[in-house]
Amino acid sequence: MIDIAGLIAENIMYMLLITLGGVLISVGVHFVPVGGAPAAMAQACGVGTGTVQLAAGAGLTGLVTAGAMMGVTDNMGLVLASGTLGGMIMISVTMLVGQWVYVYGVGCPPASAKVKYDPITKDRQDLYISQGTEGHAIPTVSFVSGVIGAGLGGLGGGLVYYALLKMGEVAAGLTVKDIMSTTGHELVGLASIFAVGIFFMNAVIPSYNIGGTIEGFHDPKFKKWPKAALTSLVVTLLCAVLAVVTLGGM
Amino acid sequence: MSAGGSGEAHAAIPQSQLIAFGIVGGLVGIYAAYFLGNVAGGVFSFMGALGAICATIWGAAAVRRVASYGLGTGVPSIGMLALGMGVVAAMFGLAVGKGIDMEIAGPVIAVVVASIIGLVIGIFANKVLNMNIPVMEQSMTEIAASGTIVIIGLAVAMSGTFLFDIVLTEVITTGYIAVIFIAGGMALLHPFNANLGPDEKQDRTLYTAFEKGSIAMIIAGIVALSAQNASVGLVTILIGIFLWYLGFTGFYARVKRDAFKVVGTGLLPSEEELE
């Protein structure tokens, strides 16, 4: 029989970390300039694909880089920093290559229709908008916003993964570093697929909140983030309870 | 007819029948694979994949129903959400089944837990995120439950059982769970994503789901070649190929039925013909 109350009491700290990680992912997605199908036709600002693909691409890279660091050190700060940077690098590369395609391939200047002046560079935006579009490519403010968002996503993903492994650590009697450096340890697979599941849930929730597209933190839709954060908080907490029983009870 | 954002999709087969088909077919497949596997060896593990196909058809119908209201974002998001919820619930269900010494109850626990997560997300999507889709709560519950059955069904097809320890070593530690995640997610999200538009018909979408489920079954068979043994894998692959053929011809027949005209374009014109 599983002592669920005991497991929860023992791992309450890691459950809170998982929940925090889920909320960070959810908030991070609001920063990422997601253009969706309109952006794929250069008719809206941002990268031309869906939230889930972008957030998952950046966040899962963060998860992998965080995992790689876990095999080397037990230091939580280093693991989380590695996850954050992994996410940031991934989204930067995606946005940079997307930018090349928009500028040199499609032939449009990066401009946002949501603001008159770029909040960071103070460049005039409205003069460069093609008629009938809502902006195109990735202006500076969206790029900076995207890097912040992916950083939060990578941090959140790393946090979830680390906390999941820490829960299993108690049950397995090994440190996270030992678990990660053991080839084929079953805890790694279980914790990573759990982290991926939690990650996808928290990437889709904000995507429904913003209705599919957002330009970054200067977009009026960004103000809706508390709603997604609240939803993610509840859903991730539920998942954290499930995780503690699954991993802690092993 | 059902284009994204046009409201409730017309359904020739009522959703309640598909729910029954998905749950009953899915669980019967999973349990049949388990019990027949205990009696007759692993050859019957293909039954798990048949259960997964039943759940795929149900899940794709639920995706179609909710996504036809217009999600504001692409249909793929809901498939990934389904498998995200499904994988957490499936692992929990199987692990708890082991924890309370009733492994046989694992899949049922998983489906119940998935429904709860789905219901919570559905309620929050309507009440907090203000998506205002009337069928959101019910559809999210259905999608989460079907995603869970797809995961467990394919895991059974790969490893021959749903006992947590064996699934853990054969499916999760080896990383095949990622294959299940994407193949199952595709099977749920792709049918409506590929067919949506003003001429969308329920049976054509569901035939696509059937065909996608069969592809996932073939993949599960390929994994079973190494996870169990060659004969088990071969049986699953052959049945999968047969079902895929049925699914694809059924889908193509409905494409021809729904299209104004199907014409062959021939090969690319040669250089002389262009001049």
Side-chain angles (χ1 to χ4, degrees), chain A residues 1-4 7 34 36-37 49-53 55-56 184-213 224 226-235 237-250, chain B residues 70-96 98-101 110 113-114 116-118 120-121 123-131 133 136 144 147 151 164-165 167-169 171-178 180-181 185 189:
Chain A
M1 204 59 199
I2 306 178
D3 174 19
I4 294 180
L7 277 173
V34 192
T49 184
T51 327
V52 185
Q53 285 81 354
H185 197 288
E186 51 205 18
L187 209 57
V188 180
L190 193 58
S192 38
I193 200 67
F194 242 95
V196 169
I198 291 175
F199 197 94
F200 270 117
M201 274 189 247
N202 286 309
V204 176
I205 288 167
S207 132
Y208 289 162
N209 190 31
I210 57 179
T213 59
K224 289 166 80 179
K227 291 177 170 183
L230 174 67
T231 310
S232 290
L233 181 82
V234 175
V235 173
L237 191 61
L238 190 61
C239 291
V241 175
L242 302 184
V244 84
V245 177
T246 312
L247 284 146
M250 268 178 69
Chain B
L71 295 168
T73 179
V75 182
S77 64
I78 208 159
M80 290 295 122
L81 180 60
L83 272 281
M85 298 187 280
V87 81
V88 170
M91 294 310 118
F92 172 80
L94 299 187
V96 163
K98 180 193 161 209
I100 58 172
D101 293 325
V113 169
I116 295 171
I117 304 179
V120 169
I121 291 190
I123 291 172
F124 269 85
N126 261 354
K127 295 285 178 312
V128 180
L129 306 181
N130 296 328
M131 290 181 78
I133 296 178
M136 194 68 181
I151 291 174
F164 186 61
D165 289 332
V167 171
L168 193 59
T169 48
V171 180
I172 297 170
T173 310
T174 47
Y176 293 132
I177 186 80
I180 295 184
F181 200 100
L189 69 89

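Per chain, numbering begins at 1; letters A, B, ... match sequence-line order. Please read these numbers as outputs of a predicted model, since none were measured by experiment. Excluded from the calculations below are hydrogen atoms, water molecules and symmetry mates; all remaining heavy atoms, backbone and side chain alike, are included.
At a 4.5 Å heavy-atom cutoff, A:Val34 makes no contact with chain B through either its backbone or its side chain. Proximity to chain A (any heavy atom under 4.5 Å) is restricted, for B:Val113, to the side chain, taken from C-beta onward. Only the side chain of B:Met131 comes within contact range of chain A, with at least one heavy atom under 4.5 Å from a heavy atom of that chain. Only the side chain of B:Val87 comes within less than 4.5 Å of a heavy atom of chain A; its backbone N, CA, C and O stay farther away. Proximity to chain A (any heavy atom under 4.5 Å) is shown, for B:Leu81, by both the backbone and the side chain. For B:Thr169, the part lying under 4.5 angstrom from a heavy atom of chain A is the side chain only. For chain A, no part of B:Leu94 is nearby; none of its heavy atoms comes within less than 4.5 Å.
Rounded to the nearest 0.5 Å, atoms CE (A:Met201) and CD1 (B:Ile121) are 5.5 Å apart. Put simply, CG on B:Asn130 and OH on A:Tyr208 are 15.5 Å apart, with the number rounded to the nearest 0.5 Å. Between atom CG of residue A:Leu230 and atom CZ of residue B:Phe124 there is a gap of 5.0 Å, rounded to the nearest 0.5 Å. Rounding to the nearest 0.5 Å gives a distance of 7.5 Å between CG of B:Leu129 and NZ of A:Lys227. To the nearest 0.5 Å, atoms CD1 (B:Ile117) and CG (A:Leu238) are separated by 5.5 Å. To the nearest 0.5 angstrom, A:Leu242 atom CG is 12.0 Å from B:Met91 atom CE.
No side-chain heavy atom of B:Leu83 sits under 4.5 Å from any side-chain heavy atom of A:Phe200. Proximity of B:Ile78 to A:Val204: side-chain heavy atoms (C-beta onward) are nowhere separated by under 4.5 Å.
The nearest pair of heavy atoms linking A:Leu190 to B:Ile172 is N-CG2, 3.5 Å. Considering all non-hydrogen atoms of both residues, A:Cys239 and B:Val88 come closest at SG-CG1, 4.3 Å.
For the set A:Ile210, A:Ile198, A:Val235, A:Ile193, the count of heavy-atom pairs under 4.5 angstrom toward chain B peaks at A:Ile193. Taking chain B as the reference chain and counting heavy-atom pairs below 4.5 Å, the highest number among A:Val188, A:Val234, A:Thr51 is found for A:Val234.
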